[in-house]
Amino acid sequence: MRIATWNVNSITARLPRLLAWLESSGTDVLCIQETKCADEAFPYAELRELGYEAAVNATGRWNGVAVISRVGLEDVVSGLPGGPDYDGGQEPRAISATCGGVRVWSVYVPNGREVGHDHYAYKLRWLEALRDAVAADAEGERPFAVLGDYNIAPTDDDVYDPAVFEGATHVTPAERAALGALRDLGLSDVVPRPLKYDHPYTYWDYRQLCFPKNRGMRIDLVYGNAPFVKAEQDAYVDREERKGKGASDHAPVVVDLDV
DNA sequence: ATGACTGTAAAATACAGA
């Protein structure tokens, strides 16, 4: 089974590339983030034509997540149980489903904006709620993974220049400790291979030639439990999908499982 | 070559992204 996670930065803007990539990559289950599209405008029909079902948690302009599967889509849970409000309500940042015997979460962790900002405190609370929500599945015998845009670089080696990020979000000890709390549940960081260069970056800013200069960050992560890790055959970042006109600023992370 | 931000609508600028 081929499982992937991809922040598409608008499923509407990315639809031609998304459909082409699903076919060319042979992905069975795709966790998507930043659909930026209300549920009623979600391209269910186009995906169905390719044989995929979709479970969607999205409200419109911002955020939005989905699980797309051609190997079944059961026991969908939309939203993060116990998740904090922001600006008076829950944001669509999490959805989970069971696909072909594998339980997956698609998550879009809050950005945080600046250290000390309300959004940063929200990010840390959101990550605590995520830990609590996935604890039982993490310990289970069923292959399980939380895939998505975590908006955290796990180590200094996961950013192109640590000096650039000094004092910024995405690299703080508190954010990295939140990842540690997930690992304490029995989840492991499934680190993908880069297809070029030394670091498996998954995000490159659109500006200042960051992609050609490989000024990237690894912030799209796959945290899998022991059965998931045991089944893993390969994992890589499909940086080809970051190239050219009409690309997302994130590349897909692909994991092959023997299940 | 991989190329000098992009997407949405609270739209003709503001806001978010990281």
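Throughout, a chain's letter reflects where its sequence line sits, starting with A, and its residues are numbered from 1.
Atoms CD (A:Gln33) and C1' (B:dA16) sit 17 Å apart, rounded to a whole Å. Across the protein-nucleic acid pair, A:Lys36 atom NZ and B:dA10 atom P stand 14 Å apart, rounded to whole Å. B:dT2 atom P lies 17 Å from atom NZ of A:Lys213, rounded to whole Å. The distance from atom CG of A:Asn63 to atom P of B:dA9 is 13 Å, rounded to the nearest whole Å. We find that CG of A:Asp220 is positioned 11 Å from C1' of B:dA18, with the value rounded to whole Å. Taking atom CD1 on A:Ile152 and atom P on B:dG17, their separation rounds to 15 Å, with Å as the unit. For the pair A:Tyr120 OH and B:dG17 C1', the interatomic distance rounds to 18 Å; values are reported in whole Å. Note: OH (A:Tyr150) to P (B:dG17) measures 19 Å, nearest angstrom.
Relative to the side chain of A:Tyr197, the nucleotides B:dA18, B:dG7, B:dT2 differ in distance, and B:dT2 lies closest. Of the candidates B:dA18, B:dT6, B:dA10, the closest approach to any side-chain atom of A:Tyr206 belongs to B:dT6. Residue A:Asp149 has its side chain nearest to B:dA18 when only B:dG7, B:dA18, B:dC5 are considered. Checking B:dT2, B:dG7, B:dA18 against the side-chain heavy atoms of A:Lys243 singles out B:dT2 as nearest. Which of B:dC15, B:dG17, B:dA4 sits closest to the side chain of A:Leu209 comes down to B:dA4. Of the candidates B:dT2, B:dC5, B:dG17, the closest approach to any side-chain atom of A:Gln208 belongs to B:dC5. Out of B:dG17, B:dT2, B:dT8, the shortest distance to the side chain of A:Pro212 is found at B:dT2.
In this structure, A:Gly244 reaches the sugar-phosphate backbone alone: every heavy-atom distance under 4.0 Å involves primed, P, OP1 or OP2 atoms, never a base. At the heavy-atom level, A:Thr12 lies under 4.0 Å from the strands shown only through sugar-phosphate atoms. At the heavy-atom level, A:Arg215 lies nowhere under 4.0 Å from the strands shown. In this structure, A:Trp204 reaches neither bases nor backbone, as no heavy-atom distance under 4.0 Å exists between it and the strands shown. Backbone-only contact: A:Glu34 has heavy atoms under 4.0 Å from sugar-phosphate atoms and none from a base. Within the 4.0 angstrom heavy-atom criterion, only backbone atoms of the sugar-phosphate kind lie near A:Tyr203; the bases stay farther away. Among the heavy atoms of the strands, none lies under 4.0 Å from A:Asp205. When heavy atoms are screened at a 4.0 angstrom cut-off, A:Asn7 is found touching the sugar-phosphate backbone but no base atom. Nucleic acid contact class of A:Arg113 (heavy atoms, under 4.0 Å, all strands): sugar-phosphate only.
Nucleotides of DNA chain B nearest to A:Phe211 and A:Ser10 differ in position, and the one nearer the 5' end is that of A:Phe211. The 5' end of DNA chain B is approached more closely, in terms of each residue's nearest nucleotide, by A:Ala38 than by the other of A:Met217 and A:Ala38.
For the pair A:Tyr206/A:Phe211, no side-chain contact is recorded, criterion being any heavy-atom separation below 4.5 Å from C-beta on.
Rounded to whole Å, the separation between the P atoms of B:dT6 and B:dA11 comes to 23 Å. Comparing B:dC15 with B:dA4, their C1' atoms are spaced 22 Å from each other, to the whole Å. Atom name C1', nucleotides B:dA18 and B:dG7: the rounded distance is 15 Å, in whole Å.
A syn orientation is assigned to B:dA10, its glycosidic angle lying within 90° of 0.
Of the side-chain N and O atoms in A:Tyr160, none sit less than 4.0 angstrom from OP1 or OP2 of B:dA18. Within the 4.0 Å cut-off from OP1 or OP2 of B:dA18, at least one side-chain nitrogen or oxygen of A:His250 is found. An OP1 or OP2 oxygen of B:dG17 is reached within less than 4.0 angstrom by no side-chain nitrogen or oxygen of A:Arg207. Phosphate contact (OP1/OP2 of B:dT6, side-chain N/O of A:Asn9, threshold under 4.0 Å): absent.
Results of the side-chain hydrogen bond (donor to acceptor under 3.5 Å, both in side chains) test with A:Asn151 over A:Lys123, A:Glu175, A:His170 single out A:His170 as the only residue that passes.
Residue A:Arg61 places a side-chain atom within donor-acceptor reach of the base of B:dA10, judged by atom type and a 3.5 Å distance cut-off alone. Between the base of B:dT2 and the side chain of A:Lys196 there is a donor-acceptor pair shorter than 3.5 Å.
A side-chain donor-acceptor contact under 3.5 Å links A:Glu91 and A:Tyr122. Donor-acceptor pairing under 3.5 Å is lacking for the side chains of A:Asp238 and A:Trp6.
Considering CD of A:Glu114 and OH of A:Tyr120, their distance stands at 12.0 Å, rounded to 0.5 Å.
Of the possible donor and acceptor atoms, none in the side chain of A:Arg93 sits under 3.5 Å from a partner among the backbone N and O of A:Gly79. Under a 3.5 Å cut-off, the side chain of A:Arg193 and the backbone N or O of A:Val237 do not form any donor-acceptor pair.
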Would you sort out whether A:Asp189 and A:Arg218 count as a salt bridge (Lys or Arg N to Asp or Glu O under 4.0 Å), showing the intermediate values?
CA-CA 11 Å; A:Asp189 186 349; A:Arg218 185 171 77 92; 2.8 Å; yes

